[in-house]
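We count residues from 1, following the sequence as given. In what follows, every heavy atom counts, from backbone to side chain, and hydrogens, waters and symmetry copies are set aside.
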Amino acid sequence: QVQLIESGGGSVQAGGSLRLSCQASGFTDSTYCMGWFRQVPGKEREGVAVIDNDGVTTYVDSVKGRFTISQDNAKNIYLQMNSLQIEDTAMYYCGADSPCEGGSSWGALRLLLKENAFGFWGQGIRVTVSS
């Protein structure tokens with residue numbers, strides 16, 4: 001079973017930065033795709049950023065230029081969040097699928113799938129941005 005554990009959340013003032021980490025383990029296939037989604041009470045889970053098996057990244061428009069998703073050789077992923085806004089306040093979830101090859105259109109499509117985007121999810125970590 002794939003296990004995903006998020007860390008690095010917390011509270012920050014608007015304009016500040018946070019770096020989320022997702023520790024991944026349990027992959028049995030050599031190919032995989034991962035990403036970050038977020039959710040607030042009363043709203044559906046929405047895509048933030050995804051990265052495919054080749055390292056190609058895709059971002060939702062609202063975070064482009066502010067957030068950066070990355071991955072290390074141990075299959076962990078990270079989300080560097082700069083210039084945080086009050087609207088970024090949410091529970092952030094790390095997700096993964098394996099096997100997964102990704103592709104030229106995979107990222108944009110996966111960001112639209114909301115809570116069904118990935119087969120595996122972490123428990124979530126809270127990010128609060130205040131004025």
Side-chain angles (χ1 to χ4, degrees):
Q1 178 84 0
V2 174
Q3 185 176 27
L4 307 171
I5 302 176
E6 301 97 337
S7 63
S11 298
V12 65
Q13 291 186 316
S17 298
L18 285 174
R19 185 171 187 259
L20 303 182
S21 298
C22 176
Q23 184 178 353
S25 62
F27 289 107
T28 59
D29 197 281
S30 61
T31 61
Y32 53 91
C33 302
M34 301 180 70
W36 292 95
F37 278 59
R38 64 188 181 186
Q39 187 171 22
V40 299
K43 296 183 179 180
E44 295 181 294
R45 188 173 300 184
E46 65 175 4
V48 177
V50 294
I51 183 167
D52 73 8
N53 188 63
D54 292 324
V56 177
T57 60
T58 309
Y59 301 88
V60 69
D61 288 343
S62 62
V63 308
K64 288 181 179 178
R66 300 190 298 119
F67 291 9
T68 302
I69 186 172
S70 60
Q71 186 171 52
D72 63 22
N73 292 330
K75 303 182 181 67
N76 304 313
I77 62 168
Y78 307 89
L79 187 68
Q80 179 66 48
M81 304 184 292
N82 298 326
S83 301
L84 282 163
Q85 304 167 1
I86 295 176
E87 293 78 10
D88 295 318
T89 296
M91 186 75 75
Y92 283 71
Y93 296 89
C94 176
D97 264 333
S98 183
C100 178
E101 293 289 348
S104 61
S105 62
W106 176 86
L109 293 173
R110 189 57 59 95
L111 287 172
L112 299 175
L113 294 178
K114 304 184 188 309
E115 67 270 18
N116 295 320
F118 292 105
F120 303 98
W121 294 100
Q123 64 180 0
I125 189 165
R126 191 175 303 280
V127 171
T128 302
V129 184
S130 61
S131 61

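Pairing each heavy atom of Asn82 with each of Ser17, the nearest pair is OD1-OG, 2.9 Å. Contact detail for Ala49 and Leu111: the closest heavy-atom pair is N-CD2, 3.9 Å. Here the closest non-hydrogen pair linking Ala24 and Leu4 is CB-CD2, 3.7 Å. Here the closest non-hydrogen pair linking Met91 and Gly124 is SD-C, 3.8 Å. In this structure, Gln23 and Asn76 approach most closely via the heavy-atom pair CA-OD1, 3.2 Å. Among all heavy-atom pairs drawn from Val40 and Ala90, the shortest one is CG1-CB, 3.5 Å.
Counting only distance, with no hydrogens or angles, the side chain of Ser21 and the backbone of Tyr78 share no donor-acceptor pair below 3.5 Å. The main-chain N or O of Val56 is never found under 3.5 Å from a side-chain atom of Asp54 such that the two would form a donor-acceptor pair. When atom types are taken as modelled, the side chain of Ser98 and the backbone of Thr31 share a donor-acceptor pair closer than 3.5 angstrom. Side-chain N or O atoms of Ser83 include none that pairs as donor or acceptor with a backbone N or O of Gly15 at under 3.5 Å.
When side chains are defined from C-beta on, Gln123 counts as touching Glu6, because their heavy atoms get closer than 4.5 Å. Side-chain contact between Ile77 and Cys94 is present, with heavy atoms from C-beta onward closer than 4.5 Å. Side-chain contact check for Met34 versus Phe27: some heavy-atom pair is nearer than 4.5 Å. Residues Cys33 and Val50 are not in side-chain contact: their nearest non-hydrogen atoms beyond the backbone lie 4.5 Å or more apart. Contact of the Val48 side chain with the Met81 side chain is not registered, since no non-hydrogen atoms from C-beta on lie closer than 4.5 Å. Contact check for Tyr59 versus Thr68: side-chain heavy atoms found under the 4.5 Å cut-off.
From Leu79, atom CG reaches atom SG of Cys22 across 10.5 Å, with rounding to the nearest 0.5 Å. Lys43 NZ to Lys114 NZ: the interatomic distance, rounded to the nearest 0.5 Å, is 11.5 Å. Of the inter-residue distances, the one linking Arg19 atom CZ with Gln80 atom CD reads 6.5 Å to the nearest 0.5 angstrom. If you take CD on Gln71 and OG1 on Thr57, they are separated by 11.0 Å, rounding to the nearest 0.5 Å. Note: Gln13 CD to Leu84 CG = 11.5 Å, rounded to the nearest 0.5 Å. Tyr93 contributes atom OH, which lies 15.0 Å from atom CZ of Phe118 (distance to the nearest 0.5 angstrom).
Linking ILVMFWY side-chain heavy atoms closer than 4.5 Å, directly or via other members, places Phe120 and Tyr32 in a single hydrophobic cluster. Cluster membership for Val2 and Ile69, using ILVMFWY side-chain heavy atoms within less than 4.5 angstrom, is shared. Taken together through direct or relayed side-chain contacts under 4.5 Å among Ile, Leu, Val, Met, Phe, Trp and Tyr, Ile51 and Leu20 form part of one hydrophobic cluster.
Tyr92 and Phe67 have tilted rings, their planes meeting at an angle from 30° to 60° on a 0 to 90° scale.
At a threshold of 4.0 Å, the pair Asp97-Arg110 counts as salt-bridged, since one of the basic side-chain nitrogens sits closer than that to a carboxylate oxygen.
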